[in-house]
Protein chains: 2
Amino acid sequence: MSDGPTITTIAQRAGVSIASVSRVLNGLPTKAETERRVMSAARELGYVPNSVARSLKSRRSNQLGFAMADIGNPVYLAMIREIQPVLRAAGYRLVLHSTNADTDDEIDVLRGLGERYIDGLIMIPLRVTGEHLKMFAAARAPVVVIGSVPEGTPVDNVRTDSREGVRLAVEHLHGLGRRRIGFVNGPLDTVPGAARAAAYAEAVRALGLPHDPALAEVGDFYRADGARATARLLERAPDVDALLCANDLIALGALDVLRREGRRVPQDVAVAGMDDTDLATLAWPPLTSVSLGSPERGRAAAELLLDRLASRDREPRVVTVEPRLVVRASTAGDDAPGEPPAVDASTVDTPARDVSARDGSAVGETVGDSGREAP
Amino acid sequence: MSDGPTITTIAQRAGVSIASVSRVLNGLPTKAETERRVMSAARELGYVPNSVARSLKSRRSNQLGFAMADIGNPVYLAMIREIQPVLRAAGYRLVLHSTNADTDDEIDVLRGLGERYIDGLIMIPLRVTGEHLKMFAAARAPVVVIGSVPEGTPVDNVRTDSREGVRLAVEHLHGLGRRRIGFVNGPLDTVPGAARAAAYAEAVRALGLPHDPALAEVGDFYRADGARATARLLERAPDVDALLCANDLIALGALDVLRREGRRVPQDVAVAGMDDTDLATLAWPPLTSVSLGSPERGRAAAELLLDRLASRDREPRVVTVEPRLVVRASTAGDDAPGEPPAVDASTVDTPARDVSARDGSAVGETVGDSGREAP
DNA sequence: TTGTATGCGTTATCAC
DNA sequence: GTGATAACGCATACAA
């Protein structure tokens, strides 16, 4: 319960100076006898170096931050799963920031870089404002942004081509003979929302389908919002035969509504999501989804950040992850283990894929034999 | 790009001493003129206080840790979603530790408390060894354990009664007329694995069902392992008419296998999981699951930790969260929105529940503070 | 090889 | 009120 031992404590106990203690602890050349005495004193005292003091001296916190809108979103989770081990292997701890997609919160996190409690940051802003750009430029530590930023922004950047992703999905649905392809989007003032809206319009036009505003609906990137938006869309355009959803959560909401209304998926309405999260394989029917390479983006971001920390003064880099279409039963239409239709530039996922390979559950709980609580 | 301004920089610029700067910055009484000059200098320089130096002085890092086996597990995710906002509201940052259920890693994290980079820790050990107990006793910062620990362990503790949870599920299945109730468990050398195995045996015995070892199978707490274990069980006991799975991931694996083998759920085999994660509402059919109150446990742990930080020298507390049975179609058998069978001490979940609402779930509050342990 | 002394950026305790 | 100055715990340049 005492106030943890310091190198001073050790020095006294070993009868040497604190400098010697520090040297031994850092593996610098020392006389064997000194080393022995220091080490045994340290062991006896249960010495653990104070990382705060060390950080103050070294100007490195050995911590890196990850800031996203909401930990609950499986997309971010997929990224964290990749990011964490990479950073950890490099000796960094991970500090989590949930910003609620709030711009002020994000700016605060960026300003927080000045506090020096993290050596760098991976951030996923849903909206990129002028203030963001100002903070990126003034950032006091390396920042890697996942998502698109304007050319010339002085940050490393990992992006995906969601326009191409939308095109893959729309063409897939079109290739299945669908002609009334609806789009359920998230907020248009977000980067992905705006990009996907534009991409949808473009893809539809490229296929020569008539432009019908009734086919596009906006909600938010959550399941319940997706359900509501889908309901509105169905009311306005009852003849839709396909739905592209701007992410998997929205698609789940769409499935909820379609089931409730008795429309068969995919026979009556084919449904596709985006992000290809674990949810896609869990949904029923399994959800066709555009993979935007979330794990890859997470890993790439982590590696960019580590590279940047190793050499500060190189040009900002941009890594682009190609989208892939992963076809499942929600559009393929065939439950039998036969071959789903071949799709250009796409990948076909096996239903047996273990989406939760790394998930170990079994959270602690009351021990069996002593399950009784003390009264 | 320069090396961030410090109070010294400000002092020079404002023509005052660093002490005055510190006072102004901390809102201590100062002459208006001094305050004005300091503030404007600080603003012009874009000063941000160095949290490391501040921590060294104050001996507080304003960071708290959360250590679990794997961030990818939806159970832990549910907890983090509750923990993060609570800690944040109290001014703490969250440092994440993924231990891979490795005892050595867990011990390392506990030892890390000596490094003072976190002021406290919430930990979920899958196995509790003697070394754990030793480290709990020697911990240099408050620790809250989610999961059971032996009586008298000097940590605050949040637990759930999974014995009762297993009983609820088994009785529910029995109440549906099932008499060949199988159990697919995780490793028996884990705390939850051991507890649930014992609870299953006891529940079956209490119902007067014959003890049949063929009905219990052990795998691991993952979907793929659950599938394999279920396959083995089905081969050994083809006549099972119900399956209780030790967590939701295992249950998903069981559903995979049952579907593959053409057994209808729940008509041929009723399936229930445990943990009531988001996965349960996504599965098809929606999965009956024993809620062990993960969000509540997370929140309770966070609050216990904050309380402890506020007053170090009170008795360790134990919070127990009561399990609830959440009945869905995988056992209720009826897809129509009719009334599922009434179950004692249970809750019926609506299919429309939004699993991604940030404020987690419509789960009712069942935190039962069992009060202090008898010392 | 070892010890002394200094600084990392703050806060806090003194005198003035 | 304000300004030197001493910690906080560690690493290191320099002297011995």
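Computed from a predicted model, the values in this text were never measured in an experiment. Note on naming: letters A, B, ... go to the chains in the order of the sequence lines (proteins, then strands), and numbering restarts at 1 for each one.
For A:S17, no side-chain nitrogen or oxygen approaches OP1 or OP2 of C:dT2 to under 4.0 Å. For the OP1/OP2 pair of D:dC10 and a distance below 4.0 Å, the side-chain nitrogens and oxygens of A:Y47 include at least one atom meeting the criterion.
B:R60 has its CZ atom 15 Å from the C1' atom of D:dC8, to the nearest Å. Between B:R140 atom CZ and D:dG9 atom P the separation is 12 Å, expressed in whole Å. Rounded to an integer number of Å, the gap from CD1 of A:I10 to P of C:dT2 is 16 Å. Nucleotide D:dT2 holds its P atom 9 Å from the CD atom of B:E33, rounded to whole Å. At whole-Å resolution of the value, CZ in A:R37 and P in C:dT1 are 17 Å apart. Summarising the geometry, the separation between CG on B:N50 and P on D:dC8 is reported as 18 Å, rounded to the nearest angstrom. Taking atom CD of residue B:E115 and atom P of nucleotide D:dG9, one finds them 15 Å apart after rounding to whole Å. The separation between B:E35 atom CD and D:dT2 atom C1' is 14 Å, rounded to whole Å.
The base of C:dT11 sits within donor-acceptor range of the side chain of B:K57, with an N or O pair under 3.5 Å. Judged by distance alone with a 3.5 Å cut-off, no donor-acceptor contact links the side chain of A:R59 to the base of C:dG9.
Out of D:dT2, D:dT12, C:dT2, the shortest distance to the side chain of A:T30 is found at C:dT2. Checking C:dT2, D:dG9, C:dT11 against the side-chain heavy atoms of B:I7 singles out C:dT11 as nearest. Closest to the A:N26 side chain, of the nucleotides C:dG9, D:dT12, C:dA12, is D:dT12. Among the nucleotides C:dT4, C:dG9, D:dT2, the one closest to the side chain of B:T34 is D:dT2. Picking from D:dC8, D:dC10, C:dG3 the nucleotide with the shortest atom distance to the side chain of A:S20 gives C:dG3.
Taking the side chain as every heavy atom from C-beta outward, A:R314 and A:R308 approach each other to under 4.5 Å. Considering only heavy atoms from C-beta on, B:L94 comes within 4.5 Å of B:I80 through its side chain.
In this model, no donor atom of one side chain and acceptor atom of the other lie less than 3.5 Å apart for B:R54 and B:S51. Side-chain N/O atoms of A:D70 and A:S98 include no donor and acceptor closer than 3.5 Å.
Classification of A:E33 and A:R36 as a salt-bridged pair holds, one side-chain N sitting under 4.0 Å from a carboxylate O. With respect to A:E296 and A:R299, no salt bridge is recorded, no charged nitrogen being found less than 4.0 Å from a carboxylate O.
Mapping B:P29 and A:R54 onto DNA chain D via the closest heavy atom, the residue that lands nearer the 5' end is B:P29.
Residue-level contact check: A:S22 touches the bases, meaning some heavy atom is under 4.0 Å from a base atom. When heavy atoms are screened at a 4.0 angstrom cut-off, A:V52 is found touching no nucleic acid atom at all. As judged by a 4.0 angstrom heavy-atom cut-off over every strand, A:L25 is placed among residues making no nucleic acid contact.
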